[in-house]
Each structure stands twice: as structure tokens, then as C-alpha cells.
Amino acid sequence: DRVTPASEFRGVVWNNELTCVGQYFHSLFFAELNEPDRRACVERDIRATMQNPGVRGAVDKLGGRCIVDFAWLAPGEVLVVELNPFDGVCLGSFPSSTGLFNLQNPADKKVMLG
């Protein structure tokens, strides 16, 4: 119950640099996130999380390009929910994106699409 829609954020990492962060649920408005002090705290904490050696190592393993989902729980407390490989074009459905499935392979396509 600590991870709420208002606590979730998505960032883009390109060439090992966090280039942007936005609300995961971008179509919703959370008044508490509109407070300047809160925004600054979230930004600071997410940037600090990205400097964690474990997170840096995981990003490196993904070629320095990925989508990162975060949960900001409290000042100084950020969880990395997941890291998704990202080739700049497609996310989650092509070999360069997931490294797991290939839509051109009938067996993979059956797993992905049923």
C-alpha cells in the first residue's frame, strides 16, 4: 500500500544519462506533486537513486539505454520497480527492445499474442 499511483514515475536513460522523468500515470493529476518542494525532493531522490552502483551496473548491462520505473515512497526512499531495454524506437515487442522475443519467430509470436 506504499506504492500508489501518485508515487510512480518513469524515466528515460540514454547513453547512461537520465534524460527525463515524468509521472507514470501522466494522464492523472496529483495535487501533492504540484508542490514545488515535493517536486524538488522527488527529483533529487530519483537522481540520487540513479547514482547507486547497482542501478548504474544494471543500466550498463542494458547498453546505457532503458526506461526506468520508480516508486518514490518518502524523502530519501526510492524503489526501482523495473528497467526496460529501449532502442529509441520500440519498447517491449522487438528483439532489440526485450532481447527475449522475436515477432518473426512463430513460437515467440504465439507466446506473446496467444
Side-chain angles (χ1 to χ4, degrees):
D1 61 336
R2 294 182 67 207
V3 176
T4 65
S7 72
E8 295 189 64
F9 295 86
R10 174 164 278 182
V12 176
V13 176
W14 196 257
N15 294 330
N16 291 307
E17 294 296 324
L18 182 65
T19 61
C20 64
V21 174
Q23 289 178 234
Y24 186 88
F25 295 100
H26 56 84
S27 60
L28 301 177
F29 176 76
F30 303 101
E32 64 272 24
L33 296 178
N34 202 37
E35 300 167 9
D37 291 343
R38 173 71 60 92
R39 286 197 318 254
C41 186
V42 170
E43 178 182 353
R44 181 182 61 248
D45 291 346
I46 287 175
R47 288 185 180 280
T49 299
M50 286 300 301
Q51 297 308 312
N52 176 289
V55 175
R56 301 296 305 168
V59 169
D60 283 342
K61 286 181 181 179
L62 296 175
R65 297 177 178 174
C66 60
I67 304 296
V68 185
D69 293 339
F70 303 96
W72 184 84
L73 303 178
E77 191 176 0
V78 175
L79 298 177
V80 174
V81 176
E82 66 180 343
L83 292 99
N84 297 289
F86 184 51
D87 62 5
V89 179
C90 299
L91 178 63
S93 61
F94 292 88
S96 60
S97 178
T98 66
L100 300 174
F101 297 106
N102 180 344
L103 278 174
Q104 305 309 313
N105 179 323
D108 288 351
K109 190 172 186 176
K110 184 173 180 163
V111 170
M112 294 173 67
L113 303 175

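Along the sequence shown, residues carry numbers from 1.
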Sidechain-backbone polar pair: [X] side chain, [Y] backbone, donor-acceptor under 3.5 Å:
{"X": "R44", "Y": "P75", "result": "no"}
{"X": "S7", "Y": "A71", "result": "no"}
{"X": "N52", "Y": "G54", "result": "yes"}

What's the spacing between R10 CZ and E82 CD if we round to 0.5 Å?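 Rounded to the nearest 0.5 Å, the CZ-CD separation comes to 6.5 Å.
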
Kindly state each residue pair satisfying salt bridge (charged side-chain N to carboxylate O under 4.0 Å, His left out) with at least one member in residues 71-81, sequence neighbours excluded.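 Of all non-adjacent pairs touching residues 71-81, those that pass salt bridge (charged side-chain N to carboxylate O under 4.0 Å, His left out) are R2-E77.
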
Test question: given the 4.5 Å side-chain rule for I, L, V, M, F, W and Y, name all other residues clustered with V55, or answer none.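 F9, V13, L18, V21, Y24, F25, L28, F30, L33, V42, I46, M50, V59, L62, V68, F70, W72, V78, V80, L83, which link up through side-chain heavy atoms under 4.5 Å apart, make up the rest of the cluster.
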
Residues that, via side-chain heavy atoms closer than 4.5 angstrom, fall in one hydrophobic cluster with L73: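 Besides L73, the cluster holds V3, L79.
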
Which is it for R39 and N34 under the side chain to side chain contact (heavy atoms under 4.5 Å, CB included) test, yes or no, and what are the steps along the way? CA-CA 7 Å; R39 286 197 318 254; N34 202 37; 3.5 Å; yes

